[in-house]
Chemist: 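Below is the structure I would like to discuss, written out as structure tokens.
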Amino acid sequence: MNTEVIKQALEIMGKGMLGIFVALVVIMIFVWIMAKIGGKKK
């Protein structure tokens with residue numbers, strides 16, 4: 001097994017997981033803002 005290939009794979013995987021996490025946080029913030037805006041119609 002080539003350790004250089006494993007290091008590259010882990011780096012790519014880490015960037016992918018970070019991207020997914022950032023996207024989820026952005027979506028959660030957007031949904032929270034929409035709920036705050038839409039919840040004032042009581």
Side-chain angles (χ1 to χ4, degrees):
M1 294 185 76
N2 191 355
T3 57
E4 196 63 35
V5 173
I6 293 172
K7 287 179 185 177
Q8 288 177 349
L10 286 174
E11 185 178 338
I12 293 170
M13 185 180 71
K15 288 179 182 177
M17 287 186 173
L18 181 65
I20 291 170
F21 179 74
V22 169
L24 280 174
V25 169
V26 169
I27 291 169
M28 287 172 63
I29 291 171
F30 182 74
V31 169
W32 179 73
I33 290 172
M34 287 295 153
K36 287 286 184 183
I37 291 172
K40 295 182 179 179
K41 292 185 177 181
K42 277 193 169 180

Chemist: Would you say Ile12 ends up clustered with Ile20 if hydrophobic residues are merged whenever their side chains have heavy atoms under 4.5 Å apart, either directly or through other cluster members?
Modeler: no

Chemist: In terms of hydrophobic clusters joined by side-chain contacts under 4.5 Å, are Met17 and Leu10 together?
Modeler: yes

Chemist: In the single-linkage hydrophobic clustering (I, L, V, M, F, W, Y; side-chain heavy atoms under 4.5 Å), do Val22 and Phe30 co-cluster?
Modeler: no

Chemist: For the hydrophobic clusters of this structure (ILVMFWY residues joined by side-chain heavy atoms under 4.5 Å, transitively), does one cluster hold both Trp32 and Ile37?
Modeler: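 Yes; Ile37 is reachable from Trp32 via cluster members.
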
Chemist: Does a salt bridge link Lys15 with Glu11, judged by any charged N lying under 4.0 Å from a carboxylate O?
Modeler: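 Counted as a salt bridge, because a side-chain N and a carboxylate O are separated by less than 4.0 Å.
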
Chemist: If you group Ile, Leu, Val, Met, Phe, Trp and Tyr by side-chain heavy-atom gaps below 4.5 Å, do Met13 and Ile6 land in one group?
Modeler: yes

